[in-house]
Amino acid sequence: MVGVGLYRDTGVVLRCQKLGEADRIVTLLTQRHGKVRATAKGVRRTTSKFGARLEPFGHVDLQLHTGRSLDIVTQVQTIDAFGGDLVADYPRYTAGCALLETADRLTPEEGEPARELFLLLVGALRGLALGQRDPHLVLDAYLLRAMVIAGYAPAVTECARCGVEPETPLDAPDGTHGFHRRFAVAAGGAVCDDCRPGGAVVPSWWTWRLLEALRDGDWTAAEQSPPDARRDAAGLVAAHLQWHLERQLRSLPLVDRRGAVPRVDLEDGVPTTGAEGTRRPESEGVV
């Protein structure tokens, strides 16, 4: 029975920092209480009963005591130890670090419920740990769907400014549809010809299709995408996320991808790339 001032929840450890000689401050994203910062007393001692359970990537069931400024962890049980599978694989590990940092940045208010984001994070970490999908696709799918939950996902199938949907080309494959030609981070994603701002970029059809597939969880289509579309989609997703967060994510440049990810310039919101013909600012001659 949980007493007065005690509560139980499940959470994912996002980050840890040292406190004093033996304690640690743990930041968690929990299912019912949102982001929680709590003190774990004595966890850095070798005799600690649950020190190893409170590490980043840990999916835990825990009991906490409400404190004045920081809650106090009193019990911890491991549900999933995702870190053990991720630390041995650098691409999956760096993608996982980006997941944790994004979840932390998207839940700035402590104590605010964030159940959807919590469940999305657990599912993404489980997907990385199992190793059955490309870790970079898992990461980009998480970033897109987390932005959907937060309310500022990029427009993909309609103009971000006027809402008009693109016409389906006559030569489009059965069951597919067209996309607007241009993507503008500052405008909110896809833009039609009438709404396009200066500096918009022109993704390939496969890049658009991949963005849609990752947002909607269509893994069949996502895994059919070519490498250049994956690279360009990653650049657009990173640019859009960091534009809205108004800050760089430290973990994204460390993600080990095949081929360079386009640089994100937050001053004008225009991602740039040296890839041949796939995605360049219109000022360079793409019309």
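Rounded to the nearest 0.5 Å, atoms CD1 (I25) and CG (L19) are 4.5 Å apart. To the nearest 0.5 angstrom, L254 atom CG is 7.5 Å from T94 atom OG1. Considering CZ of R145 and CZ of R215, their distance stands at 10.5 Å, rounded to 0.5 Å. Interatomic distance, CZ of R231 versus CG of L236, reported as 11.0 Å (0.5 Å rounding). Atom OG1 of T30 is separated from atom CG of D9 by 4.0 Å, given to the nearest 0.5 angstrom. Once rounded to the nearest 0.5 Å, the distance linking CD of E246 with CZ of R105 reads 13.0 Å.
Hydrophobic clustering of Ile, Leu, Val, Met, Phe, Trp and Tyr side chains at less than 4.5 Å, counting indirect connections, unites V12 with I149. Hydrophobic clustering (side-chain heavy atoms under 4.5 Å, transitive across Ile, Leu, Val, Met, Phe, Trp, Tyr) keeps Y90 apart from L130. Cluster membership check: L245 shares its hydrophobic cluster with Y142, using side-chain heavy-atom separations under 4.5 Å among Ile, Leu, Val, Met, Phe, Trp and Tyr. A continuous path of ILVMFWY side-chain contacts below 4.5 Å connects F183 to L241, so both sit in one hydrophobic cluster. A chain of hydrophobic side-chain contacts below 4.5 Å, direct or via other Ile, Leu, Val, Met, Phe, Trp or Tyr residues, connects W243 to Y152.
D104 pairs with exactly one of R247, R250, R15, R37 by the salt bridge (charged side-chain N to carboxylate O under 4.0 Å, His left out) rule, that one being R15. No option in T207, V156, D218 other than V156 meets the side-chain contact (heavy atoms from CB on, under 4.5 Å) test with E212.
Closest non-hydrogen pair, V164 versus H180, comes out as O-NE2, 2.9 Å. Scanning all heavy atoms of the two residues, the minimum distance from A238 to L252 falls at CB-CD1, 3.9 Å. When all heavy atoms of A160 and A187 are compared, the pair lying nearest together is CB-O, 3.4 Å. Residues D140 and A234 approach most closely at OD2-CB, 3.5 Å, considering heavy atoms. Among all heavy-atom pairs drawn from A221 and W206, the shortest one is O-CZ3, 3.7 Å. Across A124 and L99, no two heavy atoms sit closer than the pair CB-CD1, 3.8 Å.
Taking the six-membered ring where the residue is Trp, Y7 and H33 present tilted rings, their angle falling between 30° and 60°.
The pair E112-K35 does not count as a salt bridge, with every side-chain nitrogen at least 4.0 angstrom from each carboxylate oxygen. Salt-bridge annotation for D193 and R181: absent, with no side-chain N of the basic residue lying under 4.0 Å from a carboxylate O of the acidic one. Between D134 and R230 there is a salt bridge, since at least one side-chain N of the basic residue sits less than 4.0 Å from a carboxylate O of the acidic one.
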Worksheet item: Can L62 and R8 be said to form a side-chain contact (heavy atoms from CB on, under 4.5 Å), step by step?
Response: CA-CA 6 Å; L62 68 167; R8 296 195 69 89; over 6 Å; no

Practice prompt. Evaluate the criterion side-chain contact (heavy atoms from CB on, under 4.5 Å) for residue pair D71 and H65; output intermediate values, then yes/no.
Written response: CA-CA 6 Å; D71 294 347; H65 185 278; over 6 Å; no

Worksheet item: What do the steps show when you test L54 against V76 for side-chain contact (heavy atoms from CB on, under 4.5 Å), and what is the final call?
Response: CA-CA 8 Å; L54 291 174; V76 183; 4.0 Å; yes

Worksheet item: Between T107 and L29, is a side-chain contact (heavy atoms from CB on, under 4.5 Å) present by the stated rule, with each step listed?
Response: CA-CA 8 Å; T107 52; L29 180 60; 4.0 Å; yes

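Taking the side chain as every heavy atom from C-beta outward, P154 and L211 never approach each other to under 4.5 Å. You'll find the side chain of C192 stays beyond 4.5 Å of the side chain of P166, heavy atoms only. Side-chain contact between W219 and L137 is present, with heavy atoms from C-beta onward closer than 4.5 Å. No side-chain heavy atom of Y93 sits under 4.5 Å from any side-chain heavy atom of D89. You'll find the side chain of S251 stays beyond 4.5 Å of the side chain of T102, heavy atoms only. Residues T10 and V60 form no side-chain contact, since every pair of their non-hydrogen atoms from C-beta on lies 4.5 Å or further apart. Side-chain contact between E165 and T157 is absent, with no heavy atoms from C-beta onward closer than 4.5 Å. The side-chain heavy atoms of L125 and F57, taken from C-beta on, include a pair separated by under 4.5 Å.
Heavy atoms from other residues, nucleotides or ligands lying under 6.0 Å from CD of Q17 number more than 12. Other residues, nucleotides and ligands contribute more than 12 heavy atoms inside 6.0 Å of the CD atom of E223. Around atom CD of Q75, more than 12 heavy atoms belonging to other residues, nucleotides or ligands sit under 6.0 Å away. Heavy-atom contacts from other residues, nucleotides or ligands closer than 6.0 Å to CZ of R115 number 12 or fewer.
A distance-only check finds no donor-acceptor pair linking the side chain of R24 to the backbone of A38 [under 3.5 Å]. E110 contributes no side-chain N or O that, together with a main-chain N or O of V36, makes up a donor-acceptor pair within less than 3.5 Å. Using modelled atom types, one side-chain atom of Q242 and one backbone atom of L249 make a donor-acceptor pair closer than 3.5 Å. With hydrogens and angles disregarded, no donor-acceptor distance shorter than 3.5 Å links the side chain of D61 to the backbone of Q77. Of the possible donor and acceptor atoms, none in the side chain of S225 sits under 3.5 Å from a partner among the backbone N and O of A229.
With 3.5 Å as the limit, one finds no donor-acceptor pair spanning the side chains of R209 and Q224. A donor-acceptor pair shorter than 3.5 Å cannot be found between the side chains of T78 and R53.
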